[in-house]
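Lettering of chains follows the sequences in order, A, B, ..., and the numbering in each one begins at 1.
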Amino acid sequence: MAWFRKSGKKTPGASEEDLWTVCPSCKAHIYKQEWEAELKVCPKCNYHARISCTERRDLLIDAGTWREYAGHVTTSDPLVFSDAKGPYKEKAAAAKAKTGLKESVLTGDGKLGGIPVSMAIMDFRFLGGSLASGTGEKITLTAEHAARHRWPFIIFSASGGARMHEGIISLMQMAKTCAAIARLNELKVPYISVLTDPTTGGVSASFAMMGDINIAEPRALIGFAGRRVIEETIKQKLPDDFQTAEYLLEHGFIDHIVSRKDMKEYLHRVLQYGKRR
Amino acid sequence: MAWFRKSGKKTPGASEEDLWTVCPSCKAHIYKQEWEAELKVCPKCNYHARISCTERRDLLIDAGTWREYAGHVTTSDPLVFSDAKGPYKEKAAAAKAKTGLKESVLTGDGKLGGIPVSMAIMDFRFLGGSLASGTGEKITLTAEHAARHRWPFIIFSASGGARMHEGIISLMQMAKTCAAIARLNELKVPYISVLTDPTTGGVSASFAMMGDINIAEPRALIGFAGRRVIEETIKQKLPDDFQTAEYLLEHGFIDHIVSRKDMKEYLHRVLQYGKRR
Amino acid sequence: MALDFEKPLEEIENRISELKKLNEKADVSFDTEISALERKLRSTSKRVYSKLSPWETVQIARHAERPLLRDYIAGLCTEFLELHGDRCFGDDQGIIGGFATLRQHRVMVIGHQKGRSVEEKIEANFGMASPDGYRKAMRLMHLAAKYKLPIVSFIDTPGAYPGLEAEARGQAEAIARNLTEMSLLPVPVIVVVTGEGGSGGAIGIGVGNVVLMLSNAVYSVISPEGCASILWRDGSKAPEAAAALKITADSLAEQGIIDEIIPEPEGGAHRDPNAAIESTGDAIVKHLRRLKKMSAKRLIDHRYDKFSKIGRFKSRK
Amino acid sequence: MALDFEKPLEEIENRISELKKLNEKADVSFDTEISALERKLRSTSKRVYSKLSPWETVQIARHAERPLLRDYIAGLCTEFLELHGDRCFGDDQGIIGGFATLRQHRVMVIGHQKGRSVEEKIEANFGMASPDGYRKAMRLMHLAAKYKLPIVSFIDTPGAYPGLEAEARGQAEAIARNLTEMSLLPVPVIVVVTGEGGSGGAIGIGVGNVVLMLSNAVYSVISPEGCASILWRDGSKAPEAAAALKITADSLAEQGIIDEIIPEPEGGAHRDPNAAIESTGDAIVKHLRRLKKMSAKRLIDHRYDKFSKIGRFKSRK
Ligand SMILES: [Zn+2]
Ligand SMILES: [Zn+2]
């Protein structure tokens, strides 16, 4: 696989820890090379670990065909927000430095098995994949770009919800992005939503739920309200499978659960049905 | 009230029975004159007894404005159907003789508080208000008539469901009438559905449920499957209020419950909002 | 599993196989007798199946080995991407659907699922769909409209599920909405009645530009048993009711309700499922080719005309 | 029911009423003292209310006596025909709606209902709507579109209900669908934030051509308490969070999110509900007159432009 990071740091005498990784779900020890070869999916329990937007892009887009779109858009600080841990500006700067991204979503177009597509891929590492002005703007601009070219639009969601630090403007991105999706519907441009771990709050309650078909990765957490908030509200424990992809499938909100290794092929198949005719 | 029948048979020395009627619901004895003055609504328990299509028309349509439409349509016997009790033809003839109607629905147009409306009023006395070729044809023709004139269309349903005696053609009237309603929607012509006791089976599962707003008379029986069939299927007793208008209101299928005496005024109010603008 | 009226055939078949066994063991040859019996089997077969009563047809339409939706999909579609959910409450298994490539045509397939094994049957509620099934079907049909995909709808249900929950969540509303919204679909809709066309539960996904029907399928306003118990006050009069209701493909063609009868192998589709499935595919593709040439507006008008003329009253009649 | 920061005012008010009582009984007159106190009350009032902190504004926005949707309807509408049901599952009372005649304009009113009495509050789930509430609202908005009626949407909710059932029946889907479908409504949509504009539960009926806001209402991506417990890890830091989130009408106007601030009587709408309600009616009618002149296409484009420019990135900035 093209996208997994070469373990460049490995030196002679590397400790055991460098060779093994621990599955965050079942705690099994997996040989790092296998972990990467399995696309960060646990071979023991099928846990789909979170991956970066570029890793995901490389898994899906034909080599050499990706063109970033709206890449100039970055975070804003309309409220000059600051909390207990300091200014939002610094937090955002740190996120940028850590990830090399300018916002919580990577947007662009490319070919998926030869089919031109427009794509937005959220990255949970960037401030929890939160939806803020830049995120909404990038998704909207890319949806409009897709509309102009009549390219199918695919969003991979991974988000804890709206980003508080940009206040009401973050909330408004729910309406803004959904309006862009509505225009795709009017133009009969396919829109596929893929929900990955986690897709919650304002993202689940906007574009992520509005796909022509909604696909999820296995066991992804998907929901509107947080588990703790719900338990406090209803004063009872929630079932274990609550807000999993499987739970949502059963309740009618997800069309299909697709493993990471099958995702590209599945999307390619689906897109055949959305071809212009 | 113009519509109640004069008790013309009353002669000197009439027995007590001629003066009193028994409420079919609470079994209270009601003075006949009161029963009629109350529009056949029980003053003790608010039971709305079934009334004929002409009684209902006279309650709603401004005097002198009614014009029957599609009045030539009558029953057909495409299957030359006969059952244990004899030929359908005879049954239909008997219904016609008894009611003076040609089919289970009265269709036409008139003014409701000055507003021109198209209307279909089912009559339970005519073979249980069953939906057959003539019923569906009359409703469809009248809906098309309403569409041409852009008159609001109002259906009063009262039906046990599709009429078996005309076989599959009765079933097809569900699709036929709904297609006519769909055309009204396309043209933005208001369609109000009023569900009266009983509205079940193929009528509940077609035009009766498709009003811009669905209104019901108090305690009307409304449902898809019969109570006995359901109890046999699920092997348990159903709650008392099951399939009542009140139950359907609670479950989101009815907009409002309107008493018979308020019906004309309520419809008149609603129609103000559906005026062409 | 022979049906009652198939007993004579079963007897002949049994005798043939006995003789064949003897043929292998014994010195004497029974070839002549076997040939005679086989001739008799063919003629008896022809006689039995050519004059099936409507009630016997019902038995075939409900036959446990009759091909089901999953068999048609497996036989006709090189690809089936099942889609799930009504986006509102659940994912009923009484109606399933998804993208399918049917003999090279990309379509949306929807249809009743009855289930073959006991587990499947329970999961699918024996093909009796709930409101979420009808709502899922409508969602998929709207998706087909967006993607300009023809819709192929397979009908095979005893009826919509008559349960408390189904009533509470709007069985009537769900069917009514489908009837209304299907009438405006801007894509070809081909309906195939493959087994039982049970009342409102059937027509709830049955508003097509063409309605095809297998030769031993039935399609009825009410089940023969239900009709018998109401009009004869005796459920055992189902055969009489079945006859009176005129629910067989021949009768429905005469009544102008269906557009084409798809011939089944002698004895019914279950005696040669592949042949039945192939014939069904042929018929679907034939109509698909024709309908695909129509504009969206023409398709909608065509469907409207088709249904509005059913029961059209002719005063001279 | 005085709020904390209103305590000084309450004290002055109490002394005035004591003196007034004495005035009646005693021979000496306290008129001079009373006049002085009344002057003091006015100036203190002005001082207190003119520099309310965001957190104090939240208190006013949530005030138990603040006018609720039913009060606005009673005050502004000569007729309200409440309509019920989502046609799918139920009739949530957290959002209500119906035909209304608002100052002679026929409109569709929808909005959150909080309830005044304990019973009403429980019935309305304290204004926290469930998916059926959002679906009912959308159904009524589609009906308004059919009837070409402007929509007036009143926002006053702590947020969408975070319950197990609400999640299971698609709280996220219901809100998302509203956001999507509201953007295409071919009629004027006027949104008024009258009290609490709580997050997704608020915007779920909040996609308007204009968004108005009462001067002491708040509108926020998250409740101050929720924000404090996440970002300060201390729920008691809600006042700080309220300030940081910039959730008051003034701040939202500065951010270009709302189109007009509806002035409230000094001390808040609850101190003179009729005045607040009348001002709200004035503002609604003003915008209604303007929007009614726009074509369906223009209204849709106008709404799209309004929202798509929120958070529009300017590279030079
Ligand atoms: Zn694992
Ligand atoms: Zn009574």
field: Side chain / backbone / both / neither for D/Leu164 at chain A, heavy atoms under 4.5 Å
entry: both

message: Evaluate A/Met210 against D/Leu179 for side-chain contact (heavy atoms from CB on, under 4.5 Å), listing each step before the verdict.
response: CA-CA 10 Å; A/Met210 283 292 105; D/Leu179 297 177; over 6 Å; no

- line: Looking only at A/Glu232, A/His251, A/Glu137, the option with the highest number of non-hydrogen pairs under 4.5 Å against chain D is A/Glu137

Pick from A/Tyr247, A/Phe253, A/Phe207 with the largest number of heavy-atom pairs that fall under 4.5 Å of chain D: A/Phe253

field: Atom group of D/Ser183 that falls short of 4.5 Å from chain A, counting heavy atoms
entry: side chain

query: Are any of the side-chain heavy atoms of A/Leu171 and D/Tyr219 separated by less than 4.5 Å?
result: yes

- prompt: Can you tell if the side chain of A/Lys91 reaches within under 4.5 Å of the side chain of D/Leu231, non-hydrogen atoms only?
  reply: yes

task: Give the minimum heavy-atom separation between A/Gly223 and D/Glu167, together with the two atoms involved.
output: CA-OE1, 3.6 Å

message: A quick test of your reading: do over 12 heavy atoms of other residues, nucleotides or ligands sit less than 6.0 Å from CZ of A/Arg228?
response: no

query: Would a distance-only check, ignoring hydrogens and angles, find a side-chain to backbone donor-acceptor pair under 3.5 Å from D/Gln171 to A/Phe224?
result: no

query: Which bit of A/Ala208 comes within less than 4.5 Å of chain D, counting heavy atoms only: side chain, backbone, both or neither?
result: neither

field: Under 4.5 Å from any heavy atom of chain D - which part of A/Gln243
entry: side chain

statement: Applying a strict 4.5 Å limit to non-hydrogen atoms, the region of A/Glu186 in contact with chain D is side chain

Minimum heavy-atom distance between D/Val207 and A/Ala175, given as atom pair plus value: CG2-CB, 4.0 Å

- prompt: Given a strict heavy-atom distance threshold of 4.5 Å, which part of D/Leu252 is in contact with chain A: side chain, backbone, both, or neither?
  reply: side chain

- prompt: Hey, which of D/Lys306, D/Arg177, D/Lys309 has the most heavy atom pairs under 4.5 Å with chain A?
  reply: D/Arg177

message: So does D/Phe307 get a backbone contact from the side chain of A/Lys176, meaning a donor-acceptor N/O pair under 3.5 Å?
response: no

Heavy-atom pair with the smallest gap, counting every atom of A/Ser76 and D/Phe313: OG-CD1, 4.1 Å

- prompt: With respect to chain D, which residue among A/Glu231, A/Gln173, A/Arg183 yields the maximal number of heavy-atom pairs within a distance under 4.5 Å?
  reply: A/Arg183

task: Look at atom CZ of A/Arg150 and say whether more than 12 heavy atoms of other residues, nucleotides or ligands are closer to it than 6.0 Å.
output: yes

query: Using non-hydrogen atoms only, which part of D/Arg169 is less than 4.5 Å away from chain A: side chain, backbone, both, or neither?
result: backbone

message: Under a 4.5 Å cutoff for heavy-atom pairs, which residue among D/Ala168, D/Ser251, D/Gly170, D/Gly163 has the most contacts with chain A?
response: D/Ala168

Region of D/Ile257 in contact with chain A, defined by heavy-atom distances below 4.5 Å: side chain

- request: Among the options A/Leu248, A/Thr74, A/Ile234, A/Thr140, pick out the one with the most heavy-atom pairs lying under 4.5 Å from chain D.
  value: A/Thr74

query: With no hydrogens and no angle check, is any side-chain donor or acceptor of D/Gln255 less than 3.5 Å from a backbone partner on A/Ile169?
result: no

field: Proximal component of D/Ser199, with respect to chain A [non-hydrogen, under 4.5 Å]
entry: both

query: Around atom NZ of A/Lys96, are there more than 12 heavy atoms of other residues, nucleotides or ligands at under 6.0 Å?
result: yes

Closest-packed option against chain D by number of heavy-atom pairs under 4.5 Å, given A/Ser170, A/Ala70, A/Ser133, A/Ala225: A/Ala225

- prompt: With a 4.5 Å heavy-atom cut-off, do A/Met172 and D/Ile203 have their side chains touching?
  reply: yes

statement: Minimal heavy-atom distance between D/Ala176 and A/Cys178, with the atoms involved, is O-SG, 3.9 Å

message: I need the residue from A/Val80, A/Ile168, A/Thr233 with the largest number of non-hydrogen atom pairs under 4.5 Å to chain D.
response: A/Ile168

task: For the pair D/Glu240 (side chain) and A/Asp83 (backbone), establish whether a donor and an acceptor sit closer than 3.5 Å, ignoring hydrogens and angles.
output: no

task: Would you mind checking which part of A/Glu144 comes under 4.5 Å of any heavy atom in chain D, side chain (CB onward), backbone (N, CA, C, O), both or neither?
output: side chain

query: Is the side chain of D/Glu181 donor-acceptor paired with the backbone N or O of A/Ala182 at a distance under 3.5 Å, no angle test?
result: no

side-chain contact (heavy atoms from CB on, under 4.5 Å) between A/Glu166 and D/Val221, intermediate numbers included: CA-CA 9 Å; A/Glu166 295 190 18; D/Val221 65; over 6 Å; no

